[in-house]
Amino acid sequence: QVQLVDSGGGLVQAGGSLRLSCAASGRTFSRDAMGWFRQAPGKEREFVAAISWSGDNTVYADSVRGRFTISRGNAKTVYLQMNSLKPEDTAVYYCNTARRIDNIPRHEYNYWGQGTQVTVSS
């Protein structure tokens, strides 16, 4: 069994920054890609970013490219540095794992966390 624990969300003013963290526990999956998706009330789930198991490859949604940076601490941790936040970034953010990096933008996850709330005020 794999558990993902998301943290780091909070309330921030527009233009501010937050750093989300995700720690995995359970079976070893050192070659899994990891990523983040978000979901706002009344809206569909939205891909945010993904990173390969090696950390060499990253993918971003157009809406966050240039403002968000995904990184890995090791095989079981992933971070999302969010800068220049906008009110439209308000959502619950979930980290996830997948067999390959290209699975994540297609929402083909193996596991996902419980989510952490990000609220950006205008």
Side-chain angles (χ1 to χ4, degrees):
Q1 186 72 16
V2 173
Q3 289 186 328
L4 300 177
V5 179
D6 312 317
S7 63
L11 173 63
V12 64
Q13 289 187 332
S17 299
L18 283 173
R19 187 183 192 225
L20 305 184
S21 300
C22 174
S25 61
R27 70 168 178 86
T28 300
F29 54 98
S30 61
R31 290 184 175 268
D32 279 13
M34 297 186 76
W36 295 88
F37 69 89
R38 66 188 181 186
Q39 189 161 24
K43 295 188 177 181
E44 292 188 354
R45 183 176 47 184
E46 178 187 14
F47 162 71
V48 175
I51 188 167
S52 63
W53 68 270
S54 67
D56 291 341
N57 296 315
T58 57
V59 180
Y60 294 95
D62 290 344
S63 58
V64 307
R65 187 177 294 111
R67 300 187 297 120
F68 292 9
T69 302
I70 189 170
S71 61
R72 296 189 75 144
N74 53 41
K76 294 190 175 184
T77 59
V78 66
Y79 306 101
L80 187 68
Q81 178 66 43
M82 304 186 296
N83 298 329
S84 302
L85 282 161
K86 304 175 181 180
E88 52 263 45
D89 294 318
T90 295
V92 179
Y93 285 69
Y94 302 83
C95 76
N96 55 79
T97 71
R99 187 67 184 89
R100 296 163 52 95
I101 188 173
D102 53 0
N103 291 135
I104 294 176
R106 298 197 295 258
H107 302 299
E108 298 169 347
Y109 317 128
N110 292 333
Y111 301 96
W112 55 94
Q114 83 288 352
T116 184
Q117 176 70 48
V118 171
T119 303
V120 184
S121 63
S122 57

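Note that the numbering runs from 1 along the sequence shown for the chain. Below, each value reflects all heavy atoms present in this structure, side chains not excepted, and no hydrogens, waters or symmetry copies.
- A distance of 11.0 Å separates CE in Met82 from OG1 in Thr69, rounded to the nearest 0.5 Å.
- Take Arg19 and apply the salt bridge (charged side-chain N to carboxylate O under 4.0 Å, His left out) test, not counting sequence neighbours, and it matches no residue.
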- [ ] Kindly determine whether Thr116 and Leu20 satisfy side-chain contact (heavy atoms from CB on, under 4.5 Å), including the steps that lead there.
- [x] CA-CA 8 Å; Thr116 184; Leu20 305 184; 4.0 Å; yes
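- The line from CZ of Arg100 to CG of Asp32 is 12.0 Å long, rounded to the nearest 0.5 Å.
- No side-chain donor-acceptor contact under 3.5 Å links Arg99 to the backbone of Glu108.
- A donor-acceptor pair under 3.5 Å is absent between the side-chain atoms of Lys86 and the main chain of Val120, judged by distance alone.
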* Step by step, would you call Leu4 with Thr97 a side-chain contact (heavy atoms from CB on, under 4.5 Å)? -> CA-CA 9 Å; Leu4 300 177; Thr97 71; 3.9 Å; yes
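- With hydrogens and angles disregarded, a donor-acceptor distance shorter than 3.5 Å links the side chain of Arg65 to the backbone of Tyr60.
- No hydrogens or angles considered: nothing links the side chains of Ser63 and Glu88 as a donor-acceptor pair under 3.5 Å.
- Remark: the backbone N or O of Ala91 is not paired with any side-chain donor or acceptor of Gln39 at under 3.5 angstrom.
- Residues in residues 78-100 take part in these ring pair (Phe, Tyr, Trp, His ring centres under 6.0 Å) pairs, two or more places apart or across chains: Phe37-Tyr94.
- Within the structure, the disulfide (SG to SG under 2.5 Å) test picks out the following pairs touching residues 92-122 (sequence neighbours left out): Cys22-Cys95.
- Atom CZ of residue Arg67 and atom CG of residue Leu85 lie 6.5 Å apart, to the nearest 0.5 angstrom.
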